Colleague: 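Okay, here's the structure, questions in a sec.
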Amino acid sequence: MKTLIVYYSWRGKTELVATSISNVLDADLRKIEEVKKRKGLFGFISGGYGALKRKCSRIKPLNFSLSSYNLVFIGTPVWALRPTPAINTFISKANFKDKKVVLFVTMGGFGGNKTVKMLTDKIKLKGGIVIASFVVKTGGVKTEDIIKKGEEIGREFLIKKSNCSGLSFYPVE
Ligand SMILES: Cc1cc2nc3c(=O)[nH]c(=O)nc-3n(C[C@H](O)[C@H](O)[C@H](O)COP(=O)(O)O)c2cc1C
């Protein structure tokens, strides 16, 4: 089963989780990057506002296609209790028809479940099947513990694979 981990990360915490999952699963790793680099307080405020208004931002061209993968992990930080504008753009551009998707979101401390619900609805609308989701708290959490959490997420899928049940996950509602 070929697996892709695709993520957006502004400050590197979602990247830590994404990298740890990909290391455990030996999966391909792709980062979504915005065309305009976000900086400082303005980057923070415009990011929060964009997320609040469910906006999309311009992202750099994607050098991959989901069609090569059976399973796709999508990761984003939580901004203003919502997905980030960059991940909104990625989801709006991608073809999820019959694709199995695992979501992981990182957050300071609140809004993770709401963000997962919003992402799940978007992916469902585009024909994808969200089979699992993970909320990772990063606020006040040590780097090594964030990495461990990513590895744990990856290991869950390794176990499922070795049980020959890799293709029979239950969709989350
Ligand atoms: C613009 C902005 C809005 C945020 N809003 C929330 C929020 O609503 N809830 C929360 O728990 N954390 C919030 N955070 C914190 C991030 O979700 C958290 O630090 C995340 O792990 C950062 O991921 P990154 O390092 O990959 O960018 C926000 C951060 C930013 C920059």
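Ligands are counted one by one from 1 in listed order, and the atoms in each one are counted from 1 as well. The structure displayed is predicted, hence computed values, not measured ones.
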Colleague: Students should be able to answer this: which protein heavy-atom is nearest to atom 27 (O) of ligand 1, and at what distance?
Modeller: Arg11 N, 2.8 Å
Colleague: Before accepting this row, confirm whether a basic side-chain N of the pair Lys148/Asp145 lies closer than 4.0 Å to the acidic partner's carboxylate O.
Modeller: yes
Colleague: Which of the atoms of ligand 1 are close to Trp10, meaning less than 4.0 Å from one of its heavy atoms?
Modeller: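 Atoms satisfying the 4.0 Å criterion: 24 (P), 26 (O), 27 (O), 31 (C).
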Colleague: Output the list of atoms in ligand 1 that are nearer than 4.0 Å to some heavy atom of Thr138, sorted by atom number.
Modeller: 18 (C), 19 (O), 20 (C), 21 (O)
Colleague: Any idea which atoms of ligand 1 are less than 4.0 Å away from a heavy-atom of Gly109?
Modeller: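 Answer, ordered by atom number: 10 (C), 11 (O).
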Colleague: Ser46 and Arg38: side-chain donor and acceptor closer than 3.5 Å?
Modeller: yes
Colleague: Under 4.0 Å between a Lys/Arg side-chain N and an Asp/Glu carboxylate O for Arg155 and Glu152?
Modeller: no
Colleague: Do the side chains of Lys31 and Glu15 get close enough for a salt bridge, i.e. N-O under 4.0 angstrom?
Modeller: yes
Colleague: Taking only heavy atoms of Gly12 into account, list the atoms of ligand 1 that are under 4.0 Å away from them.
Modeller: 24 (P), 25 (O), 26 (O)
Colleague: At less than 4.0 angstrom from any non-hydrogen atom of Gly48, what atoms of ligand 1 do you find?
Modeller: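 So the atoms of ligand 1 that pass are 1 (C).
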Colleague: Looking at residues at least two apart in the chain, or sitting in another chain, which of them share a side chain to side chain contact (heavy atoms under 4.5 Å, CB included) with Ile147?
Modeller: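 Side chain to side chain contact (heavy atoms under 4.5 Å, CB included) check on Ile147 returns Leu16, Ser20, Thr143, Glu151.
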Colleague: Among Leu81, Thr14, Val141, Val78, which one puts a heavy atom closest to atom 13 (C) of ligand 1?
Modeller: Val78
Colleague: Among residues at least two apart in sequence or on other chains, which ones pass ring pair (Phe, Tyr, Trp, His ring centres under 6.0 Å) with Phe104?
Modeller: none
